[in-house]
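To start, the structure under review is shown below, and the notes come after it.
The structure presented is a predicted model; accordingly, all values stated were derived computationally and were not measured.
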Amino acid sequence: QVQLVESGGGLAQAGGSLRLSCVASGFTFSSYTMGWFRQAPGTERELVARVTWYGGDTYYVDSVKGRFTMSRDNAKNTVYLQMTSLKPEDTAVYYCAARYRYSVTPDYAYWGQGTQVTVSS
């Protein structure tokens, strides 16, 4: 049974930090590119950060560059999103997701249930 379980969300003040974690099970984690997405009310879900299956390549959406860092630990089947200098506009539900390294589409096959991040001004 595939599972992605996020944790670490919560309430933070603007300028503060949070660290999200996502533990994967039920599939070969090291063969999957992992992404963190977020969705705020009334908005479309957006890709925030992505790390390749081997961890050698990362992507960040412009709005979080220099503030967020994504990493993975294949030995622990876990990805992290370190969020610093948080802004109220970072408020959203954050989801981790997995895409097979040989997928012929850009779609992510597996999704977590999401964790709420709320940043107060």
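- The two residues L4 and A97 come nearest to each other via the heavy atoms CD1-CA, 3.9 Å.
- Atom CG in N77 sits 9.0 Å away from atom OG1 in T28 (nearest 0.5 Å).
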For residues 9-27, dump all side-chain donor-acceptor pairs below 3.5 Å to protein atoms at least two apart in sequence or in another chain.
none

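- Sorted by first and then second residue, the salt bridge (charged side-chain N to carboxylate O under 4.0 Å, His left out) pairs involving residues 78-93 (not counting sequence neighbours) are R38-D90, R67-D90.
- We find the CG-OG distance between D73 and S30 to be 11.5 Å, quoted to the nearest 0.5 Å.
- Taking CZ of R72 as the start and OG1 of T58 as the end, the distance is 12.0 Å to the nearest 0.5 Å.
- Here the shortest heavy-atom pairing between T33 and T52 reads OG1-CA, 3.6 Å.
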Start with the C-alpha gap between M34 and R99, add the side-chain angles, then the distance that decides, and say whether side-chain contact (heavy atoms from CB on, under 4.5 Å) holds.
CA-CA 6 Å; M34 298 299 295; R99 176 164 64 88; over 6 Å; no
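- By the criterion of side-chain heavy atoms lying less than 4.5 angstrom apart, applied directly or through intervening Ile, Leu, Val, Met, Phe, Trp or Tyr residues, F29 is not grouped with V5; the two fall into different hydrophobic clusters.
- Here the OG atom belonging to S120 is positioned 10.0 Å from the CG atom belonging to L86, to the nearest 0.5 angstrom.
- Panel note: side chain S103, backbone Y100; no donor-acceptor pair is recorded below 3.5 Å.
- Taking CG from D107 and OH from Y110, the interatomic distance works out to 13.0 Å, rounded to the nearest 0.5 Å.
- Nearest heavy-atom pair across A98 and Y32 is CB-CD2, 3.8 Å.
- Counting all heavy atoms, side chain and backbone alike, E6 lies closest to Q113 at OE1-OE1, 2.8 Å.
- A distance of 8.0 Å separates CE in M70 from SG in C96, rounded to the nearest 0.5 Å.
- Residues M83 and V117 meet the side-chain proximity criterion, which asks for heavy atoms closer than 4.5 Å.
- Of all the heavy atoms in V93 and G114, the pair that sits closest is CG1-CA, 3.8 Å.
- Nearest heavy-atom pair, K76 versus T78, reported as atom, atom and distance to 0.1 Å: O-OG1, 2.7 Å.
- Sorted by first then second residue, the ring pair (Phe, Tyr, Trp, His ring centres under 6.0 Å) pairs that include residues 35-88, not counting sequence neighbours, are F37-Y108, F37-W111.
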